[in-house]
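Everything numeric here is computed off the predicted structure, so don't read it as measured data. Just so it is clear, the values below take in all heavy atoms, side chains as well, and ignore hydrogens, waters and symmetry mates. Counting begins at 1 with the first residue of the sequence.
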Amino acid sequence: MAETAITPTQLTSDTAAVITAGTGTAINTSNYMTMAYPKDGQLLIKIQSSNDATSGVLTAGFGVDAQTETYAATNGVTSLFVVGSSAKVKNSDGEIRIDWATSSAGYLQAFYLPTSNQ
């Protein structure tokens, strides 16, 4: 299985961000997706899909809080927003990995959430 690297957009406090429908990186079920997570904190992941069979697994990270998290679109959901915590899903390479179910379709976008000093 190959890798598709995603570059998250840094959001800034008190600044509007336009998130356009139908944009992002297309889900390719032959690949897993990775996102660099160079700092501790939270990452907003937007999965856009009208396919009820779209399902992604955030692979467990390392450390005491590590856990695997599964997210799925249901009932014709068009956008699913997930806030990932670095303590749960960041691996030892400093990345988050998402593996997709073979029936998944849609787009993914990722955003670093602002910290209190941004």
List the residues meeting side-chain hydrogen bond (donor to acceptor under 3.5 Å, both in side chains) with Ser103, not counting sequence neighbours, and say none if there are none. none
For the residue pair Pro114 and Leu11, establish whether any side-chain heavy-atom pair is separated by less than 4.5 Å. yes
Rounded to the nearest 0.5 Å, what separates atom CD in Gln109 from atom CD1 in Ile47?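 Reported value, rounded in 0.5 Å steps: 11.5 Å.
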To the nearest 0.5 Å, what is the distance between OH on Tyr112 and OG1 on Thr7? 7.5 Å
Hey, which of Ile45, Thr34, Asn31 is the one that makes side-chain contact (heavy atoms from CB on, under 4.5 Å) with Ile98?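 The passing option is Ile45.
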Under 4.5 Å between side-chain heavy atoms, counting indirect links through other Ile/Leu/Val/Met/Phe/Trp/Tyr residues: same cluster for Ile6 and Tyr107 or not?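 No, Ile6 does not connect to Tyr107 through the hydrophobic network.
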Considering all heavy atoms of both residues, which atom of [X] and which atom of [Y] are nearest to each other, and what is their separation?
X: Ser104; Y: Thr29; answer: O-CG2, 3.4 Å
X: Met33; Y: Ala26; answer: CE-O, 3.4 Å
X: Gln48; Y: Thr23; answer: OE1-N, 4.3 Å

For the backbone of Ala105 and the side chain of Ser49, can you confirm whether one donor and one acceptor N or O come within less than 3.5 Å of each other?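 Yes; judged by distance alone, with no hydrogens or angles, the pair exists.
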Applying side-chain contact (heavy atoms from CB on, under 4.5 Å), name anything that partners Thr9, two or more places apart in sequence or on another chain. Phe111
Please step through side-chain contact (heavy atoms from CB on, under 4.5 Å) for the pair Thr4 and Trp100, ending with a clear verdict. CA-CA 12 Å; Thr4 300; Trp100 298 103; over 6 Å; no
